[in-house]
Each structure stands twice: as C-alpha cells, then as structure tokens.
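Report on one structure; see the data block that follows.
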Amino acid sequence: MNAYLASVIENVKTKHANEPEFVQTVEEVLTSLEPVIDQHPEYEKVDLLNRMVEPERMFTFRVCWMADDGTWHTNTGWRCQFNGAIGPYKGGLRFQPNVYPGIIKFLGFEQTFKNSLTGLPIGGGKGGSDFDPAGKSDSEIMRFCQSFMQALYRYIGPDVDVPAGDMGVGAREIGYLYGEYRRLKGAFENGVLTGKGFSYGGSLIRPEATGYGAVYYLENVLKHEGEDIAGKTIACAGFGNVTWGICKKAAQLGAKVVTLSGPDGYIYDPDGVTTKEKIDYLVEMRSSGRNKVKDYADKFGVEFHPGEKPWGVKVDICMPSAMQNDVHMEQAKQIAANGVKYYIEVANMPTTNDALKFLMEQPGVIVAPSKAVNAGGVATSALEMAQNSERLVWTEEEVDKQLHQIMNTIYQMSVDAAEKYGLGYNLVAGANIAGFQRVADAMMAQGIF
Ligand code: GLU
C-alpha cells in the first residue's frame, strides 16, 4: 500500500484505538483512495490526509433536564464540526444511548464525503447525545431539546453549522430545538436547522427525501444492468423515516419491500409494504415510541421472526436501512448464497469492512455505498437551506425534480471517478474518490488550515 496512506491509517488506529467505528470508516475510505494518492504526490506535501481525518473542531457539553416526576437527569451532548472547506458544517443529531465520540466522529467523517458528493455547498458535521428517547413523554423530550439547544446555540448558525435529524431526532425534536434557538437568538434564523415542519420553513419532500433518493439511485444501478425496478422484491431493515420513504417510492414504481426490522426481530410480508394503510402504519409505529416491529405483524397478520435479522430472506435487492454494522460476514454470506444481485447500503456504514469487501468480491453482486445512496436526505436539507435564505417555498415537484437530478449526478460522478482511476464499475470506490476530490480541491485552495 502507498506508504503515506498506510501511515495515516496507522496514526488513526493508534490515536483512536477506543473508537472502532471511526477507525473502520477511515480505513474503508482511505483504502479506496489509493490510486488517487499514488497519482497526486502533492497531497502528501501538505499532509492533506492527516488534516482530513482530524475534525476541525469537536466539543462536549452537559445537558440537564427534569423528568415528569421531578427527578433531575444529566446527559452528555456532542457536536463535531468535521470539515468546513466546502460549506457550513451540515449533518444530523443522533439521540441514542450508545452515542459516544467514536460514533459522532465516524458519522461526521462519512458526512463530509457524502455532502461533497451532493455537489451542494455543505461541509460535514454531526452531533448528538447519549440520551435515550425511548419511553419519554412529550414534555420530557421538549425539556431535553431545550437544554440541548441552550448549550449548542452559540456555536451554530445558518452560515456556520446547520444540524438536522438522525436516529432519535425527527420533526418533533427539530421543532423544540428550533423554538429554543429562536427564543435565545431573538431572530427568525430558520436556516439554522433542517428537517423542520413545513409551517416554519421545512421543505416539502424532506421527510421522504432519503428513501426516495435511495430508490432513485437504485434505479440508476438497475438501468446499468438493463433491468427495471417494477416487480422487484426488496429486503429493508428498520421501520423509521428512511425505510418509510423507500417503501413509499418502491410501491409507486411497482416494487415491493417485503421485510422490516426492529430491535425485537424482523417481519416478512410477502405482499409487500405497498398499501397506503401499511405505509402509514410505519409512521404510527414510530411515533408510538414502542420501538417494536412485531406490531406490524400483529396488525397485518404476517410472519414475525423474533431476535433475527432479515438478511436470510431471498429477495432481488437488499437495502440495509437501519443502522451501522447491521450486516456482518455471516449475513453477507447468506446474502450471497441467496443469489441477491443488488446490495444497496442505505444506513450509514451498515456493513462491517470484511463483509463489504466480501460482497464486493462476489462476481454476481453489485454493491452501492451508503454515502452515495442516502445522500438525498442531506441534499434536500441543502435545498431547504436555499429556500430559507431566499425566503421562498418551492413546490413538491420542484424539490423532487432537483432531488432526482442530484441522485442521478451522484451515481454518474461515482461511476466516472472509478473509471478515471482504472477501477472499473466500482460504485464504492467511485463515491469515495468523487467525494474526496471536491473537499481536497477546496482544502488545497485554502492553504494551511
Ligand atoms: N442525518 C442525515 C444524514 O445522515 C441527514 C443530515 C442532514 O439533513 O443534515 O445524512
């Protein structure tokens, strides 16, 4: 391996030994940049890679809140402003008990490349808290969000850093966060957050955007193989906002999502999550806060497999859309054995590095990486920011058209970047290279930073 590249990966391994998710993503991304680094010795001269794996800034803050029963609680909040070379830091907030700096950093690093791929002026950031929203009342969520924003508001802004939602943070949380920001700033700066409700500056299509974008990307892949999405069966994971958007768009195009999963297991619905009643029920399941996918099986009388993942089901397309490291070697082998041709990552880093490498090596399998496939969400967030700064509202058709175009461009840029460096049809390396290129150019132009 290229000596400079190897030394940077080694540095990260040593320095972040306690943050395996961050090491994993750095290793995956940097490894695929090898042909670029080989051809561009100028990057080593300015130590570009060590600068890229070091967040520009990351901070920790205390978040205290009071439960309904009067007890006081303390959580930790983080915001990582990873790379601002091409635009204000942009990326979601995740509220989940397993959140710690390693998760925030891996997400911030991925976000930098993903946001670059969108072609829009957004840098990479991520944040969150180890707060567990499960079973909390609405007023507890509100007080937590208010405290969180009290700690964060000085360090964000429409031209500085623009948080959004991620796991555990949806439209409700964004509403409470924005309300507190507005109160503290005394100004209607709604471009400071995205994923807002429509009434105060949210963009139409933003709720659907990640799922829709993933399906638009998938259509490009299928077209390359001379296939059509109509009639295809899809295995999805999770039942959150992203999976909901995939179900909705897939159904419109005549495909069907046949599995959903949750912490309790997975469901198999051979007829597909295709009717309005079923698709709407996902929203209900999410807002119930029960976090159980079995509810779907109970309601619609389909199979429920407790404690299992859906990757053993025979389908045309797998779209892991739940969380990081959902697909390990064991599941990857099952997927390959089932003859699945399309492995389309959706959640951030849903595949362990060895499983990803294994799937990419299978002759019949096409692998698409999450940082390209799920970029429609953040891209539409950037469209929300554009509408907020113009003080305009775009129609659903306009936003959807732009989203569709962005996804086609991301796909094409990835294909071209891999081709350019002699890697053939390699969507994973192509996305990393294309995402890297724009950030690298901007960092080179801006000098030592
Ligand atoms: N959390 C989402 C992501 O991973 C959305 C970020 C955003 O809209 O800023 O890209």
Side-chain angles (χ1 to χ4, degrees), residues 21 25 78-84 86-96 99 103-129 152 156-171 173-174 177-178 190-197 201-214 217 238 240-246 320-324 326 345-350 369-388 399 402-403 406-407 410 431 435:
E21 296 85 357
T25 187
W78 291 273
R79 185 72 184 165
C80 175
Q81 301 179 332
F82 214 110
N83 193 307
I86 62 169
Y89 311 106
K90 180 86 197 86
L93 298 170
R94 178 175 290 192
F95 293 171
Q96 216 173 39
V99 166
I103 296 259
I104 301 293
K105 260 177 233 169
F106 115 67
L107 290 166
F109 186 73
E110 281 285 290
Q111 197 84 44
T112 300
F113 288 75
K114 174 189 345 193
N115 293 4
S116 165
L117 268 177
T118 66
L120 299 168
I122 40 178
K126 205 83 190 191
S129 173
L152 190 62
I156 60 176
D159 296 317
V160 179
D161 181 358
V162 183
D166 197 84
M167 293 165 81
V169 179
E173 288 73 17
I174 293 294
L177 289 164
Y178 181 63
N190 63 351
V192 69
L193 291 169
T194 63
K196 298 181 291 292
S203 176
L204 292 169
I205 301 290
R206 178 64 188 90
E208 290 87 351
T210 311
Y212 278 21
Y217 185 101
N241 169 262
V242 176
T243 303
W244 166 79
I246 294 175
S321 44
M323 67 185 105
Q324 68 275 5
D326 192 20
E345 290 190 332
V346 187
N348 294 311
M349 199 169 74
S370 53
K371 67 171 68 63
V373 177
N374 75 26
V378 75
T380 307
S381 278
L383 302 180
E384 182 172 331
M385 290 161 70
Q387 293 169 76
N388 295 157
V399 179
Q402 291 212 33
L403 167 64
I406 290 166
M407 295 315 297
I410 290 174

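Every number for a ligand or one of its atoms is a count from 1 in the order of the listing.
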Pair K126-D166, side chain to side chain contact (heavy atoms under 4.5 Å, CB included): steps then yes or no: CA-CA 9 Å; K126 205 83 190 191; D166 197 84; 3.1 Å; yes
Contact atoms of ligand 1, heavy-atom distance to K126 under 4.0 Å: 1 (N), 3 (C), 4 (O)
Protein residue, atom and distance nearest to atom 6 (C) of ligand 1, heavy-atom basis: G92 N, 3.6 Å
Distance-minimising heavy-atom pair for A375 and T118: O-CG2, 3.9 Å
K196 and N190 side chains, donor-acceptor separation under 3.5 Å: no
Residue-ligand contact G195/ligand 1, heavy atom below 4.0 Å: no
R94 near ligand 1 by a heavy-atom separation under 4.0 Å: no
Protein residue, atom and distance nearest to atom 9 (O) of ligand 1, heavy-atom basis: K90 NZ, 2.7 Å
Protein residue, atom and distance nearest to atom 5 (C) of ligand 1, heavy-atom basis: R206 NH2, 3.5 Å
Contact check: G165 vs ligand 1, nitrogen or oxygen atoms, below 3.5 angstrom: yes
For the student: nearest non-hydrogen atoms of P158 and P88, plus distance: O-CG, 4.1 Å
Part of K371 within contact of ligand 1 (heavy atoms, under 4.0 Å): neither
Check: F82 ring centre within less than 6.0 Å of F109 ring centre: yes
N or O pair under 3.5 Å between S381 and ligand 1: yes
Distance filter under 4.0 Å to A164 heavy atoms, resulting ligand 1 atoms: 7 (C), 8 (O), 9 (O)
Nearest-contact summary for atom 3 (C) of ligand 1 - protein heavy atom, Å: K114 NZ, 3.3 Å
Atoms of ligand 1, numbered as shown, that sit under 4.0 Å from any heavy atom of G91: 9 (O)
K90 versus T194, side-chain donor and acceptor atoms under 3.5 Å: yes
Qualifying residue for side-chain contact (heavy atoms from CB on, under 4.5 Å) with W244, from N241, V242, I246: N241
Proximal atoms of ligand 1 relative to N348 (non-hydrogen, under 4.0 Å): 4 (O)
Pair K371-N348, side-chain donor/acceptor within less than 3.5 Å: no
Side chain to side chain contact (heavy atoms under 4.5 Å, CB included) evaluation trace for L107 with Q111: CA-CA 6 Å; L107 290 166; Q111 197 84 44; 5.5 Å; no
